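The structure appears right after this line, and notes come after that.
All chains are named by letter (A, B, ...) in the order of the sequence lines, taking the proteins before the strands, and each is independently numbered beginning at 1. These figures come from a predicted structure and were not determined experimentally.
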2 protein chains.
Amino acid sequence: MNYTLKHLRYFTAAAEAGSVTGASELCHVSQPSVSAAIAHLEDVFGVQLFIRHHAQGLSLTPAGNRLCKAARDLLTHAEELSQDAAGLAEGLSGDLDVGCFVTFAPFVLPGLLRVLASEHPAIHVRPHEDDLRALPEGLRRGRYEIAVTYDLNLPQDIAFEALVTVPIHVLLPARHRLAKRRAVRLADLAEEPLVLLSLPESRNHFLSVFAEAGLEPNIAYETSSFEMVRGLVANGYGYGLMHSRAPHQRALDGTPLASVPLSEPRREMHMGLARLQTTRATRMALAFAETCRRHLPALLDARDAG
Amino acid sequence: MNYTLKHLRYFTAAAEAGSVTGASELCHVSQPSVSAAIAHLEDVFGVQLFIRHHAQGLSLTPAGNRLCKAARDLLTHAEELSQDAAGLAEGLSGDLDVGCFVTFAPFVLPGLLRVLASEHPAIHVRPHEDDLRALPEGLRRGRYEIAVTYDLNLPQDIAFEALVTVPIHVLLPARHRLAKRRAVRLADLAEEPLVLLSLPESRNHFLSVFAEAGLEPNIAYETSSFEMVRGLVANGYGYGLMHSRAPHQRALDGTPLASVPLSEPRREMHMGLARLQTTRATRMALAFAETCRRHLPALLDARDAG
DNA sequence: GTAGTTCATCGGCAAAACCTATGCTTACCC
DNA sequence: GGGTAAGCATAGGTTTTGCCGATGAACTAC
């Protein structure tokens, strides 16, 4: 058997009021309740807490005095815990863990965080970059409570809200024969060597684009790095397929490259927000989602315009 | 309605075990109890704490993770409070508030503290010096839980345990005609001027000694300071009556004086321990009392021999 | 498909907390 | 000194809470 926070509250109230009756009024309970709580604490602690003065209240014993200070500390600590919880639940301040698909994280997160910081300065986002297969697992394991991702093979337990339709662009060397076209068709590319971005889910996605058209690509290289694809393409090792587009036309080694839209209509793919179906969102997550809804499309358009 | 420490215990156990069932075994309660506790916390905090994986346990949400750390802190804090209480009740370590009659405090407390420190090194005594009237009040107000005092007019609510019988000594100037006697009678003194130690209770005590003998003293001076009495007596302003005897024969100004026992049998007065009737002693107080029983007589004898 | 695992819910029961009423002790006042 | 007021403790009865066993629901794994 042990003590409860309520016992401590009645005890400290009695110490403050200097009487059981006074404490009972402070705590809005009956006088016997306070009396019993004090007796209970004296029992479990094995220490006399108060000296009873008949008809004129109580005094703390030396031991009671020390325990009263400790009890007050514990109660304020408990109060802080409640405050923390309330802050997490309702407040728009504190840390918010957000997952994001690693490839486009540097394209969208900085802008989103900037907007969020202006709308909700007290929210501090902790970004977690993962590939498309790790993101649902991160949500399930509670590493983050919301994620920005593509709707590629999302499991049933993930709720997805599409925000932006993302087209496929073809990356070509700057001097490639197709680089000046306004659009290219899959059939134009089938014979060319492909530098494939090979990440979980996205790899299959690109291949299925060809399969739906009854074509099979000619895979020359596979890499999991966005910038590696661009470097290989720029240097003439093949063409690349991308959803994310950089605002400039150079690979990291300075070699120029071109980006041309794919002309065929395809099954659309979307960038959007993913959360667990079953969980209740915190207010911070809701605020983040609202910011994404309002600003994510514009952020991507601005990139395209630039 | 609020949360209890038990709720937090079940919650943190579930976080550690990664499952409700595991937590129920850790806490030796049924699985529904843990389940209900978590649901209750999620309700009062308004935050989802866990992500439920059907058939394979739980994961903390980001918010749950933060609250879990806070809950663990609070629980260890609560555990410390219990430890403190247990230490106060049973342990022989910590602070012990002790009252002592101001006049003889410098005669007995240093020696007592030295013996106590060797027997119970972890007990730290905080001495509180008061006059005989303030001591019972200090006990009642919880300023200290035990006191070393005389049994002079002690109220009914004070329990007194006599340890040493203290005789009255007569202080005389070194060259006084009675200074060489082995003992003096009250009748020898009645006409002499008296330098009276005038503290609450003790003043009346000295006067009643004369009254019982049918005599009335000739009060020349009154002072509340032990050393002031000695100084006045040494310089020839009268004789003094004392229960406490210094180990030397000089007043603070260097003037010599003599100390002679009073010969008459009188109502005895005792030095001993005072506590409130109704309170239960802590183990530290009991240890202090035992130390006093064993060493206080010897300490006073040694003083007399020296 | 079947067995195993795990969490949530339900109904009953026991413990605890609470309240009203009362008793007991002391302080205060005429 | 007796009466009154103040204040804590106890008693009895009611409500609330906590706990358990059983059951249901949802998923995994073979």
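Of all the heavy atoms in B:Asn2 and A:Ser82, the pair that sits closest is OD1-OG, 4.3 Å. Of all the heavy atoms in B:Arg9 and B:Cys27, the pair that sits closest is O-SG, 4.4 Å.
Of the residues in residues 56-70 of chain A, those lying under 4.0 Å from DNA chain D by heavy-atom distance are A:Gln56, A:Gly57, A:Leu58.
Electrostatic pairing of A:Glu161 and A:Arg293 counts as a salt bridge here, judged by a charged N lying under 4.0 Å from a carboxylate O. Using a cutoff of 4.0 Å between basic side-chain nitrogens and carboxylate oxygens, B:Lys69 and A:Asp84 are not scored as salt-bridged.
Using modelled atom types and a 3.5 Å distance limit, the side chains of B:His77 and A:Asp73 yield no donor-acceptor pair.
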B/S/- along nucleotides 18-25 of chain D (protein heavy atoms under 4.0 Å) is SSBBB---

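Ring-plane geometry between B:Tyr150 and B:Phe104 is classed as perpendicular, the angle between the planes exceeding 60 degrees on a 0 to 90 degree scale with a lower cut at 30.
In this structure a side-chain-to-backbone donor-acceptor pair under 3.5 Å is missing from A:Ser208 to A:Ala211.
In this structure, B:Glu145 and B:Leu96 have side chains that are in contact, with non-hydrogen atoms separated by less than 4.5 Å.
In terms of phosphate contacts, B:Arg52 brings a side-chain nitrogen or oxygen within less than 4.0 Å of OP1 or OP2 of C:dA8. Note on B:Ser35: a side-chain N or O is less than 4.0 Å away from OP1 or OP2 of C:dA8. Residue B:Ser19 has no polar side-chain atom (N or O) positioned under 4.0 Å from OP1 or OP2 of C:dT5.
Put simply, NE2 on B:His53 is 13 Å from P on D:dA29, counting in whole angstrom units. Rounding to whole angstrom units, CD of residue A:Gln277 and P of D:dC27 are separated by 11 Å. Residue B:Asp43 contributes atom CG, which lies 14 Å from atom P of C:dA8 at whole-angstrom precision. Counting to the nearest Å, the C1' atom of C:dA17 and the CD1 atom of A:Ile38 are 15 Å from each other. In this structure, the CZ atom of A:Arg140 is 12 Å from the P atom of D:dC27, given to the nearest Å. One can place CG of A:Asp157 at 13 Å from C1' of D:dA26, the figure rounded to the nearest angstrom. As a whole-Å value, the separation of A:Leu41 CG from D:dC8 C1' is 16 Å. In this structure, A:Gln48 places its CD atom 14 Å from C1' of D:dA9, rounding to the nearest Å.
Here the two rings, on B:His243 and B:Phe206, have centers that are under 6.0 Å apart.
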